[in-house]
Amino acid sequence: MPTTRSPIAVLGGLVAVAFLPLLVMWVVIADVGTFAYFLGFAGYFLVAHVVLPGWVYIDATGRGSDSATAWTGACFLVPFVGFVVYYFVGQPDAAYEVDPSARAP
């Protein structure tokens with residue numbers, strides 16, 4: 001019986017598929033110093049464009065925000081500034097609600 005895969009596992013697979021060929025290309029063509037720049041960019045990209053917007057989306061939907069997608073887009077387009085603005089402006093005092101149907105049996 002097919003099961004739904006975890007979104008985190010799917011995202012990790014997509015990131016690996018995107019970055020692995022670039023990593024191999026950089027190691028084969030360039031020197032080790034260039035490899036350090038690649039790792040720095042990969043770390044920045046994952047934190048600024050995946051982790052922070054993902055956290056904003058999960059938090060905004062958990063707080064019942066009607067503009068969760070807008071906050072996520074702002075955080076993706078202006079990564080660190082968007083995250084800080086969401087943290088201070090985007091319903092910081094609203095209670096976080098857990099969906100009872102999302103809990104495991």
Which side-chain N or O atoms in residues 69-83 pair as donor and acceptor under 3.5 Å with protein atoms at least two apart or in another chain?
| residue | atom | partner | partner atom | Å |
| --- | --- | --- | --- | --- |
| Trp71 | NE1 | Ser67 | OG | 3.4 |
| Thr72 | OG1 | Ala68 | O | 2.7 |

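- In terms of the side-chain contact (heavy atoms from CB on, under 4.5 Å) criterion, residue partners of Val84 (sequence neighbours excluded) are, by chain and number, Phe88.
- Expressed to the nearest 0.5 Å, how far OH of Tyr87 lies from CG of Asp59 amounts to 9.5 Å.
- Linking Ile, Leu, Val, Met, Phe, Trp and Tyr residues whenever their side-chain heavy atoms come within less than 4.5 Å places Val47 and Val56 in a single cluster.
- Grouping the Ile, Leu, Val, Met, Phe, Trp and Tyr side chains by contacts below 4.5 angstrom, directly or via other members, places Leu52 with Val50.
- A single hydrophobic cluster is seen to contain both Val89 and Trp55, as judged by linkage of ILVMFWY side chains at heavy-atom distances under 4.5 Å, directly or through other members.
- Sorted by first then second residue, the side-chain hydrogen bond (donor to acceptor under 3.5 Å, both in side chains) pairs that include residues 42-52, not counting sequence neighbours, are Tyr44-His49.
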